[in-house]
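These notes concern the structure reproduced below.
Just so we're on the same page: letters track the sequence lines, and every chain starts at 1. As the structure is a prediction and not an experimental result, all values here were calculated from the model.
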Number of protein chains: 2
Amino acid sequence: MEGSSTEEAIIDAAHRVFLKKGRAGARMREIAEEAGLNRGLLHYYFRSKEKLFEIVLLGSAKRLFGGSMRILNADLDLFEKIRQFVANFITVVLTDPSMPIFVLHELHANPERYSRLLLSEGLRPDPASFFAQIRAAAAAGVIRPVDPAQLMMNIVSLCMFPFVGSVSFKIILGIPEERYKEILDARKKEVAELIIDSIRPLEETAGTGRDRDA
Amino acid sequence: MEGSSTEEAIIDAAHRVFLKKGRAGARMREIAEEAGLNRGLLHYYFRSKEKLFEIVLLGSAKRLFGGSMRILNADLDLFEKIRQFVANFITVVLTDPSMPIFVLHELHANPERYSRLLLSEGLRPDPASFFAQIRAAAAAGVIRPVDPAQLMMNIVSLCMFPFVGSVSFKIILGIPEERYKEILDARKKEVAELIIDSIRPLEETAGTGRDRDA
DNA sequence: GTCTATAATTTGATAGAC
DNA sequence: GTCTATCAAATTATAGAC
């Protein structure tokens, strides 16, 4: 299982180049330069660009979805689970912010070919138990009745999109990289509290906002 | 300003191919086939792939950001503005769901080159007046005190990400295209209410959820 | 304006020396 | 294992006939 130093150097370089340029935009020449190695070595170790790409894509998908998905299926209080999921997800992606746009773009450009990666071993994202927990909490009155799919979509959107749209946000908000990282870091709490507030029962305040639609 | 039928057919075909495959993955041959035209015509009308690509990218960016941005700067009540923004944005993107991932991927792959597009005429996204409105509403007690940047990020994330991650969501949720469109459509109201709930003043219920952190 | 033929590069991949 | 030289295919772009 232990790869040679050269092998690892190639994968690391390929990871950087593929995540920046994408499968079609990446060049084997550039990956070799990035690794400081001869071009022929890439084919000696991995035979083809496609093979190297699939290693990078699978690795990225696992890091992107794997860890946080385990939290969703863990044995935790619903609110605490949401807090841990959000904090963990943002922390992980902050170490490699291009992962989301890379994985999602490749899945979009070639869904027939790479969708199976999402269902491969070590990933297998199964929201069933999380959804059941949501429905049980709603039935018990611990949270409002909500569509589990919408809730999950809200959580993931709030966590992941700021990475996907980072270039646009930085331009539109007119802020530099450093400041943007601070904003992302603040979202570890911001997002969790927003989500939890949105599902916490309304209690006696049910009528608070019901008179503003007319 | 009126292009020939052939010119339009090329742009339409280029739009479809570029949005699906991206700049690097698209092929002039495929665009020609998609348009049912000879390959030479693409160069006769647009000279190079790069030129054609920039037309498609600029057009997509305008449709993606332009219309909804105008709503943000319109003279509207804050809550109503949020409702209109969300509904308008989702409606527009539903007509061409690949726009977000396309634009954001190209900006990510080549920010130095294409960032200026976001600041070009007909776009010029300026959140200053919207941010001022948010601060004024907070000062007046109409909403809670919030970071305008985080609020805007929340709104855009909830609207745009479900399109960016549609392939993943459909797989993970195990649902077909048709059902997914319904979920997206439901978000026109879902997202607006979630956002508005999150900024509406807490009033007398300030202590409701403050005893669950210990 | 539209088509065919072809030029000019680029790029992934292989062969073979060391 | 690593390097150089080279092949074969693909791709953008142009030239020129019609």
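The ring of A:Y114 has its center closer than 6.0 angstrom to the ring center of A:F53. A centroid separation of less than 6.0 Å is found between the aromatic rings of B:F169 and B:F161.
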Just the table, please: protein N/O against nucleotides 7-11 of chain C N/O, every pair under 3.5 Å.
unit_1: C:dT11; atom_1: OP1; unit_2: A:R27; atom_2: NE; d: 2.6

Polar atom pairs (N or O), protein with nucleotides 16-18 of chain D, under 3.5 Å:
none

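Around atom CD of B:E178, no more than 12 heavy atoms belonging to other residues, nucleotides or ligands sit under 6.0 Å away. Enclosure of atom CD in B:E182 by more than 12 non-hydrogen atoms of other residues, nucleotides or ligands within 6.0 angstrom is indicated.
Using a 4.0 Å cut-off between charged nitrogen and carboxylate oxygen, B:D197 and A:R144 count as a salt-bridge pair. A salt bridge links B:E177 with B:K181: the distance from a Lys NZ or Arg NE/NH1/NH2 to an Asp or Glu carboxylate oxygen falls below 4.0 Å. Using a cutoff of 4.0 Å between basic side-chain nitrogens and carboxylate oxygens, B:R113 and B:E106 are not scored as salt-bridged.
Of the residues in residues 31-47 of chain B, those lying under 4.0 Å from DNA chain D by heavy-atom distance are B:H43, B:R47.
What separates CZ of B:F53 from P of D:dT11 is a distance of 18 Å, to the nearest Å.
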Please evaluate residues A:V93 and A:M160 with respect to the criterion side chain to side chain contact (heavy atoms under 4.5 Å, CB included), reporting the C-alpha separation (whole Å), side-chain torsions for both, the decisive distance (0.1 Å), and the verdict.
CA-CA 8 Å; A:V93 181; A:M160 211 181 300; 5.8 Å; no
Evaluation steps, side chain to side chain contact (heavy atoms under 4.5 Å, CB included), between B:F89 and B:I71
CA-CA 10 Å; B:F89 186 90; B:I71 294 177; over 6 Å; no
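Dashed line: the shortest gap from a side-chain N or O of A:T6 to OP1 or OP2 of D:dT2 is under 4.0 Å.
Partner of A:H15 under the side-chain contact (heavy atoms from CB on, under 4.5 Å) criterion, out of A:D12, A:L19, A:V17: A:L19 alone.
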